[in-house]
Amino acid sequence: MNVCVVDRYDKGYETVAPQHEMARRLAKASGGRLPWIATFDDSGFAKPDFAPRTLAGLDRAFAEGAIGVKVYKSLGMELRDATGRYLLPDDAAFESVFAGLEARGTTVYGHIAEPIAAWLPLDPKNPDYDYYKSYPAWHVHGRAGVPTKEEILAARDRVLERHPKLRFVGCHLGSMEEDVDAIARRLDRYPGFVVDTAARVVHLTLQPREKVRAFLVRYADRVLYGTDFVFMPGQDPAEGAKRLEAEYARDWRYFSSSETVEFEGRMVQGLALPAPVLQKIFRENALRWVPGITGSKPGK
């Protein structure tokens with residue numbers, strides 16, 4: 001699945017239109033086997049017509065084949081009003097957008113907040129060190145006025161409370177990657193909330209094996225496997241395919257076997273999850289929580 005996102009600090013992701021156009025072309029060229037998630041530019045939040053204009057743009061994307069909407073960490077970590085106050089996900093500016101998506105039955109892919117390392121001094125021992133070193137805009141340690149991670153997640157939770165029928169996939173383990181117990185509490189509380197594993201499997205390996213295994217078995221219906229694979233124009237397709245296949249193979253060994261698996265120089269024992277749990281995490285949950293993900297015809 002191809003997930004579009006507006007990230008003003010990441011080259012190639014600064015605006016919506018080029019991404020939507022590329023996603024449409026890839027979906028068509030793949031015969032529907034590469035469906036896509038639309039997004040919107042949240043920087044215009046202060047304009048009076050922001051919500052209706054945003055929903056109208058998303059309706060066009062749905063008509064063109066998009067099967068969901070990405071909401072980004074800029075809510076809480078970047079956007080500020082005229083007074084300098086950071087806007088949280090439950091700000092009134094976005095209420096009508098979430099209400100509209102709930103009414104449409106749309107799957108929302110929400111990357112809200114970041115790993116706790118974003119609020120801490122840079123540490124080479126942290127799995128997110130390279131990212132924050134390369135993208136300092138998202139490393140908010142010491143930045144005045146930035147909400148805490150807990151405040152941002154609480155605001156996201158209030159959105160889920162206000163919109164109980166909203167189907168919401170919490171990207172990157174719902175940004176609660178440091179503790180599966182925190183994820184479990186939200187899954188118990190919000191029936192429309194699930195999480196994906198994209199770019200956060202390494203965080204699971206840092207927690208006690210039996211705790212993580214028990215969590216995944218208990219919440220097998222609420223976790224979707226995902227990667228954070230990026231392939232941009234100009235990159236070598238063969239190298240990209242090799243990189244994606246290696247990541248998938250490593251993750252599959254971790255989830256499916258009891259073998260020793262290497263993550264960033266650390267050796268960890270695999271979880272050896274039961275086959276029915278693997279079937280849900282790697283396939284069935286995506287079909288249930290992201291309707292339209294299988295766009296190809298049988299046999300194609």
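When a residue number appears, it is its place in the shown sequence, counting from 1.
Side-chain contact between T54 and F94: absent, with no pair of heavy atoms (C-beta onward) separated by less than 4.5 Å. No side-chain heavy atom of V16 sits under 4.5 Å from any side-chain heavy atom of C4. Counting heavy atoms from C-beta on, the side chains of W289 and D196 never come closer than 4.5 Å. In this structure the side chain of L224 never reaches within 4.5 angstrom of the side chain of M1, judged on heavy atoms. Between V5 and Y109, every side-chain heavy-atom pair lies at or beyond the 4.5 Å cut-off. With contacts defined as side-chain heavy-atom distances shorter than 4.5 Å, the pair F193/R156 qualifies. With a 4.5 Å cut-off on side-chain heavy atoms, V6 and F40 do not count as touching. Within the 4.5 Å cutoff, the side chain of I152 has no heavy atoms near those of the Y86 side chain.
Minimum interatomic distance between S257 and E259 (heavy atoms only, all atoms of both residues): OG-N, 3.1 Å. Across all non-hydrogen atoms, the minimal contact from D128 to P115 is OD2-CB, 3.3 Å. Counting all heavy atoms, side chain and backbone alike, D123 lies closest to Y129 at O-CB, 3.3 Å. Smallest separation of non-hydrogen atoms from A155 and L88: CB-CB, 3.7 Å. When all heavy atoms are compared, the tightest approach of P89 to V159 is O-CG2, 3.6 Å. When all heavy atoms of P35 and G32 are compared, the closest pair comes out as CD-O, 3.7 Å.
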Under 3.5 Å, which donor-acceptor pairs do the side chains of residues 225-238 form with other protein atoms, sequence neighbours left out?
{"from": "Y225", "atom 1": "OH", "to": "D251", "atom 2": "OD2", "distance (Å)": "2.8"}
{"from": "T227", "atom 1": "OG1", "to": "F229", "atom 2": "N", "distance (Å)": "3.2"}
{"from": "Q235", "atom 1": "OE1", "to": "M232", "atom 2": "N", "distance (Å)": "2.8"}
{"from": "D236", "atom 1": "OD1", "to": "A238", "atom 2": "N", "distance (Å)": "3.4"}
{"from": "D236", "atom 1": "OD2", "to": "E239", "atom 2": "N", "distance (Å)": "3.3"}

Could you list the donor-acceptor pairs under 3.5 angstrom formed between side-chain atoms of residues 265-279 and any protein atom two or more places apart in sequence or on another chain?
{"from": "R266", "atom 1": "NH1", "to": "T205", "atom 2": "OG1", "distance (Å)": "3.1"}
{"from": "R266", "atom 1": "NH2", "to": "T205", "atom 2": "O", "distance (Å)": "3.2"}

Criterion side-chain contact (heavy atoms from CB on, under 4.5 Å) on L216 and I281, from CA distance to verdict: CA-CA 9 Å; L216 291 171; I281 291 174; 4.2 Å; yes
Run T39 and H20 through side-chain contact (heavy atoms from CB on, under 4.5 Å) and show every step you take. CA-CA 8 Å; T39 192; H20 281 194; 4.1 Å; yes
Test side-chain contact (heavy atoms from CB on, under 4.5 Å) on F255 and V212; report intermediate values, then the result. CA-CA 10 Å; F255 285 110; V212 172; over 6 Å; no
Could you go step by step and tell me if V71 and F98 meet the side-chain contact (heavy atoms from CB on, under 4.5 Å) rule? CA-CA 10 Å; V71 179; F98 284 119; 4.2 Å; yes
Apply salt bridge (charged side-chain N to carboxylate O under 4.0 Å, His left out) to the pair E21 and R25, showing each step before the final yes or no. CA-CA 6 Å; E21 193 277 332; R25 288 199 290 116; 2.8 Å; yes
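Contacts of A27 classified as side chain to side chain contact (heavy atoms under 4.5 Å, CB included), with partners at least two apart in sequence or in another chain: W36. Remark: T15 pairs with P18 by the side chain to side chain contact (heavy atoms under 4.5 Å, CB included) rule, at least two apart or across chains. For F62, the side chain to side chain contact (heavy atoms under 4.5 Å, CB included) partners two or more places apart in sequence, or in a different chain, are L58, D59, A66, V69, L101, R104, T106. Under the side chain to side chain contact (heavy atoms under 4.5 Å, CB included) criterion, K47 pairs with D49, R53, sequence neighbours left out. Partners of Y132 under the ring-ring contact (aromatic ring centres under 6.0 Å, His included) rule, at least two apart in sequence or in another chain, are H139. By the ring-ring contact (aromatic ring centres under 6.0 Å, His included) test, Y254 pairs with F263, sequence neighbours left out.
Between F282 and Y248, the angle of the ring planes goes over 60°, which puts this pair in the perpendicular group of the 30/60° scheme.
A donor-acceptor pair under 3.5 Å links the side-chain atoms of H111 to the main chain of A113, judged by distance alone.
Grouped by direct or indirect side-chain proximity (heavy atoms under 4.5 Å, Ile/Leu/Val/Met/Phe/Trp/Tyr only), M22 sits with L26, L34.
Atom CZ of R158 sits about 10.5 Å away from atom CG of L153, to the nearest 0.5 Å. The structure places CD1 of I293 at 7.5 Å from CD1 of I37, a figure rounded to the nearest 0.5 Å. Taking CG of L75 as the start and CG of L87 as the end, the distance is 7.5 Å to the nearest 0.5 Å. Annotation: the span from R253 atom CZ to S258 atom OG amounts to 10.5 Å, rounded to 0.5 Å. Here the CZ-OG1 distance, from R85 to T83, works out to 6.0 Å after rounding to the nearest 0.5 Å. Going from atom NE2 of H172 over to atom NE2 of H203 covers 10.0 Å, rounded to the nearest 0.5 Å.
Cluster annotation: I112 and V169 are assigned to distinct hydrophobic clusters (Ile/Leu/Val/Met/Phe/Trp/Tyr, side-chain heavy-atom contacts under 4.5 Å, transitive). Linking ILVMFWY residues whenever their side-chain heavy atoms come closer than 4.5 Å, directly or via other members, places I183 and Y190 in the same cluster. Hydrophobic clustering keeps L173 apart from V3 (ILVMFWY residues linked when any side-chain heavy atoms are closer than 4.5 Å, directly or through intermediates). No chain of hydrophobic side-chain contacts below 4.5 Å, direct or via other Ile, Leu, Val, Met, Phe, Trp or Tyr residues, connects V290 to L160. Residues V202 and V180 share a single hydrophobic cluster, defined by chaining ILVMFWY side chains whose heavy atoms lie under 4.5 Å apart.
Every pair passing side-chain hydrogen bond (donor to acceptor under 3.5 Å, both in side chains) that includes a residue from residues 60-80 is listed here, sequence neighbours excluded: D7-Y72, R8-E78, Y9-E78, R24-E64, D42-S74, K73-E114, K73-Y131. For residues 175-187, the set of pairs meeting the side-chain hydrogen bond (donor to acceptor under 3.5 Å, both in side chains) definition, not counting sequence neighbours, comprises K149-E177, K149-E178, D157-R186, E177-R200, D179-K211, D181-K211. Identified under the salt bridge (Lys or Arg N to Asp or Glu O under 4.0 Å) test for residues 213-222, with sequence neighbours left out: D221-K280.
Annotation: R283, atom CZ; neighbour count of heavy atoms from other residues, nucleotides and ligands within 6.0 Å does not exceed 12.
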